[in-house]
Amino acid sequence: MAEANTGDRMEKIVSLCKRRGFIFQSSEIYGGINGFWDYGPLGTELKRNIRDYWWHTMTRQREDVAGLDATIIMHPQIWKASGHVDTFSDPMVDCKTCKGRFRADQTAEIPCPQKPSKMVSACHGEKTAPRAFNLMFQTCVGPVQDDSAIAYLRPETAQAIFAQFKNILETSRQKVPFGIAQVGKAFRNEVTPRNFTFRSREFEQMELEFFIRPDEAVEAIAGHLASAADIGQCQTALGNDQTDWGWEAWHKYWVEERIRFYESIGLPRQTLVEYWQKPEELAHYARATVDILYKFPFSKRDAQGELMGEELEGIAARSDFDLSQHQRSSGKSMTVFDEELKAAWPKLEPAKQAELKERYYQNRLQYLSKTGEAPDKAEKLAREDAEALTKGYYLPHVIEPSAGADRLALALICNAYSEDQAPDEKGKLETRVVLRFHPRIAPIKVAVFPLLKNKPELVKKAREVRDLLRPWMNVFYDEAGAIGRRYRRQDEIGTPFGVTIDFDTLGEKGPELKDTVTLRDRDTMQQERVKISELLPLLLGRIR
RNA sequence: GCGAGCGUAGCUCAGUCUGGUAGAGCGUCACCUUGCCAAGGUGAAUGUCGAGGGUUCGAAUCCCUUCGCUCGCUCCA
């Protein structure tokens, strides 16, 4: 299986996507529009399978996650509170002399590329005035288009979860720790869309905000925090006792959980990179972030020549930053009342009480100071928060696994794409293009063929089999051309199974083969003989 | 947004330098053939050569503008 060079491979994938109806450029007949992509018939099925399986795994299969489907346009204040209005717009300066681009606030710290002894702000290059690059799409709500009407298309789905946190808490009968999941479109006016659909301006996110107790509350209730060794066992812990899990345990748990998800739809661990962001790379609100990267063909290589991977998902431990921000910005309380905490607190030693209270106070004070509260006010608020903790009230912390649906679709296509050698009818080796999708996410699950089209009995029987399977899975029926050609067409779009109705099915070779069909496996091209009556349960077992 | 390269049939591409009015392979469709792994037969459709403008008797070819793609700066689910 000779691998073409990576550029080649990516080109073949892009071309296959268009040729077979996975992905088209948006608005193509008008010349296209940069950073926007449409999914064709097969791509739509693929993406729907991804979304559905994510939803299935993250919410319906769990006791502790509830769903949300919020609007794309929300109150603009949300994006002030979240920090997107300010931090999503970096004024940039271009240097016409050296062609460099620099953040306007950093020109005094970055050396000039042409004359490194001087900083950019002091070099002789001819520079443009600072220009704002706000990555949020703006629109106006209502007929009057003035500043008061400005609204934004959401740049992430997460903020709606925080904004609706209290409503969901009160209506879902969930208690911390629990999560809120959402799948939906998000929009970023990327400077440079790149790498096929990888960096698009309109994309779909699959996000979970998993709310947990602050460590101080965990310690008050459980008496201790799960140790490093306990954390090492997280991967099998669903259903186990989690009362002593602090944020590190939950964070690690979700990293493992998410990697298992990727494995379960056919991305082997060696195609993924688990990247723990270094302290200096962390966003200001994050205590830890793990990126799950997939080794795309267009990924850069490290010094050893290994693909470094591109981000599919980020799993951030965001402390109580987001709920705090919305609490301050909206003036509405975002705290929860925790009966277990209230009951546990009076039973603690006074020294322990003091220690936990002090730690909570320090954390709140640090947050409030960082966000610019006046020192005396910050101190007062932090005292109040610490006092509330002793009564069972706190702001939940959050672990955020946030994945890109389109990026995952692209990763699955890249991962599935393969070329192998298969003999044609004369035994000559031919190149076969196969998308080795995991059956769970394959757009079409099974293709049904009559061996020959010109035999009405075969066609009739094949249509019966098609109709038998159709209510249960996506079936494709094809009677055109030679049987081998039909198999190959299905291989190219990743259909895992092929069912062929032949003369044995009609009973020509005797009663023992009557009403049996051949079931052909895409990857091995092996066939097995299966009774029609057993076909449905067999296939259902293999595609779930 | 800036710099470099590119844009011809559904896909991959030839033709562009040296203007004369568009081709190949694969694919698609129909009919025939078919006895389990695509390239048997016959026939068919498809391009205002990315778009717009200019030069010219004549532009896929030269010039300008614009849109899109690829790479770099920047950003990131």
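Below, chains carry the letters A, B, ... as their sequence lines are ordered, and counting in each starts from 1.
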Taking any heavy-atom pair under 4.0 Å as a contact, classify A:Leu16: base, sugar-phosphate, or nothing. nothing
Take A:Arg154 and A:Glu207 through the salt bridge (charged side-chain N to carboxylate O under 4.0 Å, His left out) test and state the conclusion after the steps. CA-CA 13 Å; A:Arg154 65 183 177 198; A:Glu207 293 196 298; over 6 Å; no
Nucleotide N/O of nucleotides 7-15 of chain B paired with protein N/O under 3.5 Å:
from: B:rC11; atom 1: OP1; to: A:Lys18; atom 2: NZ; distance (Å): 2.6
from: B:rC11; atom 1: O3'; to: A:Ser15; atom 2: OG; distance (Å): 3.4
from: B:rC11; atom 1: O2'; to: A:Ser15; atom 2: OG; distance (Å): 3.1

Checking base pairs now: Watson-Crick or wobble, both atom distances under 3.5 Å. What partners B:rG43? B:rC29
Find the distance A:Phe36:CZ to B:rC67:C1' and express it as a whole number of Å. 14 Å
Considering only atom C1', compute the distance from B:rG52 to B:rA9 and round it to an integer number of Å. 22 Å
If I take atom CG in residue A:Leu408 and atom P in nucleotide B:rC76, what distance separates them, rounded to the nearest angstrom? 21 Å
Between B:rC69 and B:rC32, how far is it from one P atom to the other, in whole Å? 45 Å
Measuring only the C1' atom in each nucleotide, how far is B:rA14 from B:rA4? A whole number of Å is fine. 25 Å
If the condition is side-chain contact (heavy atoms from CB on, under 4.5 Å), which residues does A:Glu190 pass it with, not counting sequence neighbours? A:Arg188, A:Arg199, A:Arg201
Write out all pairs satisfying salt bridge (Lys or Arg N to Asp or Glu O under 4.0 Å) with one or both partners inside residues 305-320 of chain A, taking only residues at least two apart or from two chains. A:Arg258-A:Glu313, A:Lys295-A:Glu306, A:Arg318-A:Asp322, A:Arg318-A:Glu400, A:Asp320-A:Arg364
May A:Tyr487 be described as stacking on the base of B:rA38, applying a 5.5 Å centroid limit and a 30° limit on plane angle? no
In whole angstroms, how far is the P atom of B:rA77 from the CD1 atom of A:Ile50? 19 Å
Using the C1' atom on both, measure B:rA38 against B:rU21 and round to a whole Å. 38 Å
Considering every strand and a 4.0 Å limit on heavy-atom distances, what is the contact class for A:Phe24: base, sugar-phosphate, or nothing? nothing
Looking for any heavy atom pair under 4.0 Å, which part of the strands does A:Gly35 touch: base, sugar-phosphate only, or nothing? sugar-phosphate
Are A:Tyr152 and A:Phe187 close enough that their ring centres sit under 6.0 Å apart? no
Below 3.5 Å, does any donor atom in the side chain of A:Arg199 face an acceptor in the base of B:rC76, or the other way round? yes
Any A:Arg485 side-chain nitrogen or oxygen under 4.0 Å from OP1 or OP2 of B:rU33: no
Could you give the distance from CZ (A:Phe211) to CZ (A:Phe165), rounded to the nearest 0.5 Å? 5.0 Å
Residues pairing under salt bridge (Lys or Arg N to Asp or Glu O under 4.0 Å) where one sits in residues 438-458 of chain A, two or more places apart or in two chains, turn out to be none
Give A:Asp406 one of three labels, base, sugar-phosphate or nothing, depending on what nucleic acid heavy atoms sit under 4.0 Å from its own. nothing
With sugar-phosphate meaning primed atoms plus P, OP1 and OP2, does A:Gln527 contact a base, only sugar-phosphate, or nothing at under 4.0 Å between heavy atoms? base
Touch class at under 4.0 angstrom, heavy-atom based, for A:Ser200 against every strand present: base
ring-ring contact (aromatic ring centres under 6.0 Å, His included) partners of A:Trp55, counting only residues at least two apart: none
If you check the A:Leu452 side chain, which of B:rA77, B:rC75, B:rG35 turns out closest? B:rG35
Base, sugar-phosphate or nothing for A:Glu190? Non-hydrogen atoms, less than 4.0 Å. base
Can you pull out every salt bridge (Lys or Arg N to Asp or Glu O under 4.0 Å) where at least one residue sits in residues 405-417 of chain A? Sequence neighbours excluded, please. A:Lys47-A:Asp406
Please state how far atom CD in A:Glu400 lies from atom C1' in B:rA77, giving the value in whole angstrom units. 10 Å
Are the charged groups of A:Glu479 and A:Lys460 less than 4.0 angstrom apart, N to O? no
Check the distance between B:rC31's C1' and A:Lys453's NZ and give it to me in whole angstrom. 8 Å
Whether A:Asn34 contacts B:rG68 is assessed here as follows: a side-chain N or O lying under 4.0 Å from the phosphate OP1 or OP2. Is that the case? no
What's the spacing between A:Leu16 CG and A:Ile413 CD1 if we round to 0.5 Å? 8.0 Å
Would you please name every residue forming a side chain to side chain donor-acceptor pair (under 3.5 Å) with A:Arg20, sequence neighbours left out? A:Glu492
How many whole angstroms separate atom CG of A:Asp420 from atom C1' of B:rA38? 13 Å
Does A:Glu508 make a side-chain donor-acceptor contact with the base of B:rG35, cut-off 3.5 Å? yes
With a 4.0 Å heavy-atom cut-off, tell me which residues in residues 492-505 of chain A come close to RNA chain B, sorted by residue number. A:Thr500, A:Asp502, A:Phe503
Of A:Glu479 and A:Arg20, the one whose closest nucleotide on RNA chain B sits nearer the 5' end is A:Arg20
Whole angstrom is fine here: how far is it from CG in A:Leu135 over to P in B:rC76? 8 Å
Look through every strand shown and name the nucleotide pairing with B:rG3 as Watson-Crick or G-U wobble, where both distances are under 3.5 Å. B:rC71
Complement of B:rC49, any strand, by Watson-Crick or G-U distances under 3.5 angstrom: none
Take atom P in B:rG1 and the same atom in B:rU61, then report the distance between them in whole Å. 25 Å
Same-atom distance (C1') from B:rC64 to B:rU46, integer angstrom: 32 Å
Have a look at A:Phe198 and say if it touches a base, only the backbone sugar-phosphate, or nothing, with a 4.0 Å heavy-atom cut-off. base
Say we look at B:rC49 and B:rA60: how far apart would their P atoms be, to the nearest angstrom? 7 Å
Could you check whether A:Gln25 gets within reach of a base, just the sugar-phosphate, or nothing at all, counting any heavy atom under 4.0 Å? sugar-phosphate
Ring centres of A:Phe196 and A:Phe198 under 6.0 Å apart? no
Between A:Asn195 and B:rC71, does any side-chain N or O lie under 4.0 Å from OP1 or OP2? yes
Would you mind telling me which of B:rC36, B:rU34, B:rC29 lies closest to the side-chain atoms of A:Ile483? B:rC36
When the distance from CG of A:Asn454 to P of B:rA30 is rounded to whole Å, what number comes out? 16 Å
For B:rC36, the nucleotide meeting Watson-Crick or G-U wobble distances (both under 3.5 Å) is none
Considering only atom C1', compute the distance from B:rU8 to B:rG50 and round it to an integer number of Å. 10 Å
Across every strand shown, the nucleotide meeting Watson-Crick or G-U wobble geometry with B:rA24 (both distances under 3.5 Å) is B:rU12
Using a 4.0 Å heavy-atom cut-off across all strands, classify A:Arg520 as base, sugar-phosphate, or nothing. base
Can you find a side chain N or O atom of A:Arg489 that sits less than 4.0 Å from OP1 or OP2 on B:rU28? yes
Return the set of residues passing ring-ring contact (aromatic ring centres under 6.0 Å, His included) with A:Trp247 (not counting sequence neighbours), or none when no residue passes. none
